[in-house]
Amino acid sequence: MTNYNYEKYIVEAIESVMNQTYKHFELIIVDDGSTDQSREFIQHYQSQYPNEIKLIFQENGGQGSAFNAGFEAATGEIIAFLDADDYWYENKLEKIVEYHKNHAGIQHNLLINNQWKFALLEDQVAKQKKGLELYGFLGTIPTSGLSFKKEYLKEIFPIPEKEYKICADLYVKVMFLNNHEIFSIDSPLGCYRSHGKNHWFTSQASSLEYNKITLDKLNEEREKQGRATVQRNSEAEAIGYFMLDSMEFEGNKRYVLYGMGELAKVFYTELKSYIDIVCFSGSFVKNERENYLGLPVKSLEYLINNSDEYDKIIISSSQVSEILQYLQENGIYEEEILAPKL
């Protein structure tokens, strides 16, 4: 567990670990130079659980530095990562330990603020490795849903500290996928918080920069291995092609594209030649418009009242789980929705 000034959340994060049904664990907390009351809270819990909790207090060096310090101190066979502003459900460790008997890498779903899934996953060896190599898709599940067998992480660590002040989990996941597969668990095993002080959530403008840095690091490694480098044209295309690869389309069906951003453009460009796309729609469409990319734009209310005019709604947005829930809450049946798996 890495922490920097999360005094508001770290108590719940620590208690979520101490309350696990699986008890054979060590909790390593790396405080990365906090200036709030985090350290007092951490020390309080360490005094209560001296045999279970290891403390590392260091000057602020960023997430990569904190990951490195924690990894160096870890003695367990499995490394599970937890951000200090998130927390796990009590069966998380019990669940992943069983899967790790057969898999070196695990990703599981999280509920954003305990409301909706972070992504839609499949309970199987994920297509992440294929998506990475074919499209440059770097994945979606963040720190608190990732775990790996330590022996495999030795191939990756230490993390480049200068480059990874944040997004160190992206480096770990992508470099792991370069050589190994990740098994996906769709069941949410923890809560991901979206809040004003979330260091990744408030730094999304720089996430594209970290994606580029990580892709460069990956290709440096692949060149050393004598392997072909990974190419990507744009963020939307990398995500869009991976999403499209997870779905099956029927030529005799009529489809609605639900979403009107850059991803929807990728979907439309790739699909228009072999399926019948009748219109676009979106959650913020209140009034019908003449066209978007040459097609009509219909409101959700229109779709609800005119279900005979289409067969399936394709979610063409990165907010897949939120839209899926929204559509179902508004009376669209699950069998009428085609949602990509990430």
Side-chain angles (χ1 to χ4, degrees), residues 1-3 6 9-29 45 49 52-53 63 67 70-71 74 76-128 138-150 152-153 167-170 172-173 176-177 180-195 198 200-201 246 319-322 324-325 339-342:
M1 180 190 302
T2 60
N3 174 70
Y6 277 152
Y9 307 107
I10 193 167
V11 167
E12 193 166 11
I14 294 173
E15 289 186 346
S16 78
V17 179
M18 304 317 298
N19 291 332
Q20 289 293 303
T21 54
Y22 182 88
K23 298 298 184 183
H24 191 55
F25 66 83
E26 60 183 5
L27 170 57
I28 301 168
I29 305 175
Y45 276 92
Y49 302 97
E52 291 88 357
I53 298 179
Q63 192 182 39
F67 272 25
F71 184 75
E77 297 174 44
I78 297 168
I79 306 293
F81 296 91
L82 176 61
D83 278 335
D85 57 334
D86 299 334
Y87 61 87
W88 291 337
Y89 302 148
E90 64 179 11
N91 66 331
K92 183 262 179 37
L93 292 182
E94 182 179 359
K95 186 93 170 179
I96 67 165
V97 162
E98 286 301 310
Y99 281 100
H100 271 299
K101 291 177 180 178
N102 298 310
H103 303 284
I106 299 289
Q107 65 174 10
H108 65 71
N109 229 324
L110 300 160
L111 287 186
I112 301 176
N113 294 339
N114 279 326
Q115 292 181 302
W116 55 82
K117 288 180 177 180
F118 200 95
L120 296 185
L121 303 176
E122 294 178 283
D123 291 318
Q124 63 176 7
V125 172
K127 299 174 182 176
Q128 304 282 313
L138 303 182
T140 56
I141 297 301
T143 305
S144 301
L146 300 173
S147 60
F148 307 92
K149 287 185 177 179
K150 185 182 181 184
Y152 292 86
L153 290 185
C167 295
D169 57 324
L170 178 64
V172 172
K173 179 171 53 180
F176 179 91
L177 275 172
H180 310 289
E181 301 282 2
I182 289 180
F183 190 91
S184 287
I185 303 172
D186 189 46
S187 298
L189 299 178
C191 173
Y192 174 90
R193 294 187 196 270
S194 165
H195 57 83
N198 180 291
W200 178 85
F201 197 76
S246 74
Q319 309 300 312
V320 178
S321 57
E322 298 97 309
L324 178 61
Q325 181 175 327
K341 302 287 178 65
L342 293 172

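Quick note: residue numbers are just sequence positions, from 1. All of these numbers come straight from a predicted model, not from anything done at the bench.
For the atom pair Ile96 CD1 and His103 NE2, the distance stands at 12.5 Å (nearest 0.5 Å). Expressed to the nearest 0.5 Å, how far CD1 of Ile14 lies from CG of Leu27 amounts to 6.5 Å. Here Ile78 contributes atom CD1 and Phe148 contributes atom CZ; the two are 12.0 Å apart, rounded to the nearest 0.5 Å. Rounding to the nearest 0.5 angstrom, the gap separating the CG atom in Asn3 from the CD1 atom in Ile10 is 3.5 Å. Atoms CD1 and CD, on Ile185 and Gln124 in that order, are 12.5 Å from each other to the nearest 0.5 Å. Expressed to the nearest 0.5 Å, how far SG of Cys191 lies from CG of Leu110 amounts to 8.0 Å.
Applying the 6.0 Å contact sphere to CD of Glu90 captures no more than 12 heavy atoms from other residues, nucleotides or ligands. Remark: Glu77 CD is loosely packed, at most 12 non-hydrogen atoms of other residues, nucleotides or ligands lying under 6.0 Å away.
The salt bridge (charged side-chain N to carboxylate O under 4.0 Å, His left out) search around Glu181 returns none, not counting sequence neighbours. Legend: residues meeting side chain to side chain contact (heavy atoms under 4.5 Å, CB included) with Gln115, ordered by chain and number and at least two apart, are Asn113. Residues passing the salt bridge (charged side-chain N to carboxylate O under 4.0 Å, His left out) test with Glu12 are Arg193, sequence neighbours excluded.
Judged by distance alone, the side chain of Asp186 and the main-chain N or O of Leu120 form no donor-acceptor pair under 3.5 Å. Of the possible donor and acceptor atoms, none in the side chain of Gln107 sits under 3.5 Å from a partner among the backbone N and O of Pro142. Glu52 contributes no side-chain N or O that, together with a main-chain N or O of His24, makes up a donor-acceptor pair within less than 3.5 Å. A donor-acceptor contact shorter than 3.5 Å links the side chain of Lys173 to the backbone of Ile141. For Glu94 (side chain) and Thr21 (main-chain N/O), no donor-acceptor pair under 3.5 Å exists by modelled atom type. Counting only distance, with no hydrogens or angles, the side chain of Ser147 and the backbone of Ala80 share no donor-acceptor pair below 3.5 Å. The backbone N or O of Ser144 lies less than 3.5 Å from no partner atom in the side chain of Asp83, so there is not a single donor-acceptor pair. For Lys95 (side chain) and Leu189 (main-chain N/O), no donor-acceptor pair under 3.5 Å exists by modelled atom type. Judged purely by atom type and a 3.5 angstrom limit, Lys23 uses its side chain to pair as donor or acceptor with the backbone of Met18. Of the possible polar contacts, one joining the Glu26 side chain to the Gly76 backbone as a donor-acceptor pair under 3.5 Å is found.
Using cut-offs of 30° and 60° on the angle between ring planes, the pair His180 and Tyr152 is perpendicular.
The closest side-chain heavy-atom distance from Val11 to Tyr45 is below 4.5 Å. Side-chain atoms of Trp116 and Leu324, non-hydrogen and from C-beta on, never get closer than 4.5 Å to each other. The shortest side-chain heavy-atom distance between Tyr9 and Tyr87 does not fall under the 4.5 Å cut-off. Here the side chains of Asn19 and Trp88 are not in contact, with every heavy-atom distance at 4.5 Å or above. Using a 4.5 Å heavy-atom threshold, the side chains of Leu111 and Lys117 count as touching. Side-chain atoms of Leu146 and Val172, non-hydrogen and from C-beta on, never get closer than 4.5 Å to each other. Between Thr143 and Phe67 the shortest side-chain heavy-atom distance falls below 4.5 Å.
At a threshold of 4.0 Å, the pair Glu98-Lys101 counts as salt-bridged, since one of the basic side-chain nitrogens sits closer than that to a carboxylate oxygen.
Remark: the Asn114 side chain and the Tyr89 side chain contain an N/O donor-acceptor pair separated by less than 3.5 Å.
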*Taking it one step at a time, do His108 and Lys92 satisfy side chain to side chain contact (heavy atoms under 4.5 Å, CB included)?*
CA-CA 9 Å; His108 65 71; Lys92 183 262 179 37; 2.6 Å; yes
*Start with the C-alpha distance between Phe71 and Lys150, add both sets of side-chain angles, then the distance that settles side chain to side chain contact (heavy atoms under 4.5 Å, CB included), and finish with yes or no.*
CA-CA 9 Å; Phe71 184 75; Lys150 185 182 181 184; 3.7 Å; yes
*Trace of the side chain to side chain contact (heavy atoms under 4.5 Å, CB included) decision for Ser16 with Leu82*: CA-CA 10 Å; Ser16 78; Leu82 176 61; 4.2 Å; yes
